Amino acid sequence: MKSKVFGTVLSLSLALSAFTVYHSESVVHAESLSSIKKKQQDNAKKAKDSKAKLEENKSSQAALEAEVERLDKLTTATDEKIIQKQADIKITKEEIAQLKAEITVVQKRIDERDKLLKERVNSMYESGGAVSYLEVVLGSKDFGDFLDRVLALNMIAEQDRQLLEEQKKDKELLENKMASVEKKLSNLQNAMKDLQKLQKQLKAQMAEKDRLMASLQSEEEELHEEAHKIENEGALLKAQEEAFRAEQARAAAREKARKSSSGGSGGSAPSMGPVSGNGMIIKPAAGAITSPFGNRSSGMHEGIDIAQGGTVPIYAAADGTVIKSEYSSSYGNVVYISHSIGGQQWTTVYAHMSSRAVSGGSVSKGQFLGNMGNTGRSHGQHLHFELHKGPWNAGKTNAVNPAAYW
């Protein structure tokens, strides 16, 4: 009997212990699930926040890029107005110089006539005044002599009249030319004021651009890495193929013409801009190399940067065919040119230009392409120039140091 009771008690104790353990484990397990679920929820929230921040950053970057593009268009337009204004000022100065030269000639005629008229007056004064018809009659030997004297007197009077009329006309001409000079000088002063205003406006636009670029917090060479990320990379590659085929045909025609005109040797030097060189290509713009080709702390710089203040023209480095001339959010105003030199394909890139003077077709070595600028993702006015041995590609695997080839 005792053993039965003991067995029953033991069974109940074990069951109670098992229930307690199971219950404890269930509670622990439930807490773990709750904790994991909470962590998952926290992580999902963090991921959502991160995604929102990323989207916000993308939106902010896109807004900045749009503002940079707007400023680039403004600065390009202002730069073109400055160039036009400078041309107008030059023409006005030339017109003023021409008018002054004409004034000198007219003034010389007036001075010579004044001298002649003074001599006439002095002569008349010394002879006692004008000769009267009575004196002519009395002094005549006969009627024939009288007619001769009257005719001579009338001729002298007509010459004096013409002299006085010419003098009057020249004095009026002189006054008109001097008034024209005054007007043009006034126009010149106004044009100079407009030019100063435009230059001030351009400076303010550039300062705003620099502020925006600083807010992007990215170095230019890093941006160049993703520069193409071009909106129309496929179109550029297709245009490149077409341009190179056209350039090969033009190169063959140029070679044929060179041999035909020079008997297979020599030939005239190509027409170049002020910047020239003795190598395969010419240096495309005047100025110092502010950033050479090669590795930087932030990565590879697949071109060279040439910088100089003022209006700096950019020239085609060699004969070629324009692949594309466009505005890019990274390179600003940029021109791509395909070249065929000695049967080898080469490609040149001219970036951050303030303006573009070519839109397509063939170009000659030294041909004006546009002016140096600060468009796209650029810090300060400069030309970013690339040379590729072969076709251009987004990875820029064909890029070589341009300075080694001029």
Side-chain angles (χ1 to χ4, degrees), residues 68-69 71-72 74-76 78-80 82-83 86 198-214 216-225 227 272-277 279 281-317 325 327-337 348-358 366-388 396 399-406:
V68 165
E69 183 173 350
L71 281 170
D72 280 345
L74 276 176
T75 54
T76 296
T78 305
D79 190 61
E80 286 172 354
I82 286 172
I83 292 168
Q86 287 172 332
L198 284 169
Q199 287 173 330
K200 188 177 179 181
Q201 184 180 327
L202 182 64
K203 188 177 179 181
Q205 289 166 350
M206 288 290 195
E208 177 64 11
K209 166 77 182 290
D210 289 342
R211 186 188 68 76
L212 280 174
M213 289 307 302
L216 287 171
Q217 295 181 338
S218 300
E219 291 189 23
E220 182 189 340
E221 50 270 27
E222 289 174 339
L223 294 166
H224 282 178
E225 282 297 320
M272 297 185 186
V275 183
S276 61
I281 62 172
I282 63 170
K283 186 181 178 185
I289 296 176
T290 55
S291 183
F293 179 91
N295 281 306
R296 296 179 179 177
S297 58
S298 57
M300 184 68 178
H301 185 228
E302 292 96 347
I304 60 169
D305 293 344
I306 303 170
Q308 183 166 289
T311 302
V312 185
I314 295 166
Y315 305 100
S325 175
Y327 177 86
S328 158
S329 61
S330 54
Y331 275 179
N333 286 314
V334 58
V335 174
Y336 302 80
I337 299 177
T348 52
V349 181
Y350 312 76
H352 307 310
M353 299 164 71
S354 70
S355 58
R356 290 172 283 120
V358 294
Q367 183 174 327
F368 176 67
L369 301 179
N371 289 313
M372 189 182 289
N374 184 26
T375 56
R377 294 197 178 186
S378 161
H379 296 277
Q381 177 175 299
H382 72 286
L383 168 67
H384 174 77
F385 177 63
E386 295 176 12
L387 176 66
H388 301 261
K396 301 187 183 178
V400 294
N401 184 3
Y405 292 85
W406 65 51

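Predicted model only: the values in this text are computed from it and were never measured.
With sequence neighbours left out, the salt bridge (Lys or Arg N to Asp or Glu O under 4.0 Å) criterion links Glu80 to no other residue. Evaluation of the ring pair (Phe, Tyr, Trp, His ring centres under 6.0 Å) rule for Phe293 yields no partner, not counting sequence neighbours. With sequence neighbours excluded, the residues forming a side-chain contact (heavy atoms from CB on, under 4.5 Å) with Ser354 are Asp79, Asn371, listed by chain and number. Take Thr76 and apply the side chain to side chain donor-acceptor pair (under 3.5 Å) test, not counting sequence neighbours, and it matches Asn333. Shown here are the side-chain contact (heavy atoms from CB on, under 4.5 Å) partners of Ser325, two or more places apart in sequence or in another chain: Val322, Val335, Arg356.
Relative ring orientation between His352 and Tyr331 is described as perpendicular, the plane-to-plane angle rising above 60° on a 0-90° scale split at 30° and 60°. By the 30° and 60° cut-offs, the orientation of the rings of Phe385 relative to Tyr350 is tilted.
Contact record, Ala285 with Val312: CB-CG1, 4.4 Å, taken as the closest heavy-atom pair.
A heavy-atom distance below 4.5 Å is found between the side chains of Val349 and His388. Within the 4.5 Å cutoff, the side chain of Val358 has heavy atoms near those of the Gln367 side chain.
In this structure, CG in Leu383 is found 4.5 Å from CD1 in Ile314, a value given to the nearest 0.5 Å.
Looking at Glu69, its side chain never comes within 3.5 Å of a backbone N or O of Gly376 through a donor-acceptor pair.
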